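So the structure is just underneath, and the comments pick up after that.
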There are 2 protein chains.
Amino acid sequence: MTKGPTPRQVARAENIARIKELALAQLAGTSAGELSLRAIARELNIVSSAIYRYFPSRDDLITALIVDAYDNLGQTLEEAGARGRRGPRRRWLDVCRAMREWALAEPHRFALVYGSSIPGYRAPRDTIAPAGRVVVAFSAPVCDELGAREPVAYGDSWSRPGRVLASQLRVSADALELDLPDAAMLAVVAAFARVIGALTLELNGHFVGGFEPADALFDALLDDEATRLGL
Amino acid sequence: MTKGPTPRQVARAENIARIKELALAQLAGTSAGELSLRAIARELNIVSSAIYRYFPSRDDLITALIVDAYDNLGQTLEEAGARGRRGPRRRWLDVCRAMREWALAEPHRFALVYGSSIPGYRAPRDTIAPAGRVVVAFSAPVCDELGAREPVAYGDSWSRPGRVLASQLRVSADALELDLPDAAMLAVVAAFARVIGALTLELNGHFVGGFEPADALFDALLDDEATRLGL
DNA sequence: CCCAAATGTGAGCACTGCTCTCTGTTGTTA
DNA sequence: TAACAACAGAGAGCAGTGCTCACATTTGGG
């Protein structure tokens with residue numbers, strides 16, 4: 001017989017979930033680095049040291065939150081970019097808008113993954129796979145579009161990448177299992193940088209007094225970038 | 001007679017400078033939010049509470065560091081973009097490369113100004129002027145180039161901005177005293193977002209395993225963006 | 001010279017992450 | 001079913017934090 005998880009195991013899973021939940025709530029109020037394990041313990045009616053049965057240190061909790069955030073964002077983008085009757089351009093725009101909506105809805109989580117790294121915190125290996133998921137979802141529409149095309153026709157305005165860069169582009173594309181020619185991969189990275197940059201600026205208040213709300217600006221940037229991507 | 005600053009005043013200025021210096025050193029080791037006033041006091045052979053004679057709170061110290069960082073970066077970019085026999089395109093590329101060098105040399109300062117905001121920290125008014133200096137220096141070569149041109153010829157591929165965006169573009173350009181037509185202003189913002197995004201990704205380790213060093217990548221992005229800016 | 005402003009002192013409050021020893025509980029295995 | 005080991009929580013304690021407050025000392029202008 002298949003023995004299900006013991007009561008203790010489900011209790012543990014529930015507690016871990018609750019801790020992450022409370023941590024997230026706390027993070028929403030303030031921002032990274034302020035996260036207090038003791039405060040979480042208090043809200044959990046648990047003595048502070050008991051938290052360490054679930055997460056060996058504060059950094060481990062944060063890492064878990066980061067992985068969750070990547071996964072959550074990745075899934076959101078995947079859903080937004082799911083094939084439908086829309087063309088690739090429209091789908092890519094939808095993915096980007098979904099990304100912005102996610103970021104605006106949960107700025108603390110965006111900061112967690114694309115913001116400046118936490119005090120002394122070094123991203124462990126665990127985070128790189130889920131991070132890739134986001135990039136893959138981001139570039140999926142571009143891959144689809146180019147799959148149906150003559151690759152040579154792409155990217156007239158991009159100068160041909162040099163040896164080093166070409167090699168890096170190949171390594172990165174392979175690591176993510178993206179079927180993109182060099183120039184396209186380069187364009188994707190450029191687009192990603194622009195989107196992340198725009199969101200970073202918006203979320204950190206660099207548009208205050210100028211572009212706020214930044215909806216129109218963001219749409220204009222996306223529109224241009226989509227053309228640039230050959231969509 | 002012009003009475004110079006009293007000994008006490010110079011001592012005060014020196015102390016403030018030393019505090020900021022030590023804070024910066026400490027920030028380099030760890031990163032924002034970890035900054036410890038007590039540690040600074042210790043290194044200064046001063047009792048911890050004495051720090052508060054110079055900075056009323058930790059946040060005020062951080063604000064001072066941010067303002068300094070903006071100014072420092074702004075000046076660096078201004079020098080890099082100073083007119084010479086180089087053309088606008090070359091000058092703009094130099095400005096961007098200077099920005100990257102600055103960011104790589106002092107990642108903690110970059111994080112301070114363009115990274116995710118510190119715990120509960122809300123950027124005060126004082127920081128917006130020096131922040132503008134940076135973007136002015138960033139767009140100076142573009143302004144020069146366009147000044148000698150028929151504005152209408154610019155930005156064929158940018159769709160004409162809508163009402164809201166056009167208004168925001170004007171407000172922003174005016175606030176920074178930039179003589180740029182709407183489409184150009186939009187292109188500048190897009191370029192800025194891309195550069196900030198690329199640096200954010202690089203500094204936070206999102207290129208690890210793929211684009212490292214990112215020199216070639218960065219140059220390729222800049223080259224494309226310069227063309228995009230009509231340089 | 002004097003007195004007020006500026007500066008430094010040291011104790012103290014409330015908080016943090018984390019460790020350690022101890023006790024109680026749970027689930028498996030003999 | 002009894003025994004035992006793994007697990008979970010309690011509570012004290014360490015070293016550190018930002019910040020306040022009453023107090024002492026230094027400084028410089030009227």
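Predicted model only: the values in this text are computed from it and were never measured. Naming: A, B, ... by sequence-line order, numbering from 1 per chain.
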Self-check item: Euclidean distance, atom CD1 of residue B:Ile51 to atom P of D:dT20 [Å, nearest integer]
Solution: 14 Å

Quiz item: Which of these nucleotides, D:dC19, C:dC18, C:dC15, is closest to any side-chain atom of B:Ser57?
Solution: D:dC19

Quiz item: Quick one: salt bridge (charged side-chain N to carboxylate O under 4.0 Å, His left out) pairs with a partner in residues 66-75 of chain B, sequence neighbours left out?
Solution: B:Lys20-B:Asp68, B:Asp71-B:Arg133

Exercise. Starting at atom CG of A:Leu35, determine the distance to atom P of C:dT16, rounded to an integer number of angstrom.
Key: 11 Å

Self-check item: Length of the line joining B:Glu14:CD and C:dG8:P, which is rounded to integer Å
Solution: 12 Å

Quiz prompt | ring-ring contact (aromatic ring centres under 6.0 Å, His included) partners of residues 198-223 of chain A, not counting sequence neighbours, each pair once | solution = A:His206-B:Tyr114, A:Phe207-A:Phe211

Self-check item: For B:Arg170, side-chain hydrogen bond (donor to acceptor under 3.5 Å, both in side chains) partners two or more places apart
Solution: B:Asp182

Quiz item: Between atom OH in B:Tyr52 and atom C1' in C:dC13, what is the gap in whole Å?
Solution: 13 Å

Practice problem: Take atom CZ of B:Arg42 and atom P of C:dG8, then tell me their distance rounded to the nearest Å. | Solution: 18 Å

Quiz item: To the nearest angstrom, how far is B:Leu37 atom CG from C:dG8 atom C1'?
Solution: 16 Å

Quiz prompt | Listed partners of A:Ala140 passing side-chain contact (heavy atoms from CB on, under 4.5 Å), at least two apart | solution = none

Quiz item: Nucleotide by nucleotide, 5' to 3', does protein get under 4.0 Å of the base (B), only the sugar-phosphate (S), or neither (-) in nucleotides 7-15 of chain D, counting heavy atoms?
Solution: BBBBB-B--

Self-check item: Partner set under side-chain hydrogen bond (donor to acceptor under 3.5 Å, both in side chains) for B:Glu225, not counting sequence neighbours
Solution: A:Arg194, B:Arg194

Quiz item: CD of A:Glu34 versus C1' of C:dC15: gap in Å, rounded?
Solution: 11 Å

Quiz item: Thinking salt bridges, do B:Asp94 and B:Arg91 make one under a 4.0 Å N-O criterion?
Solution: no

Quiz item: Can you tell me how far P of D:dG16 sits from CZ of A:Arg58, to the nearest Å?
Solution: 17 Å

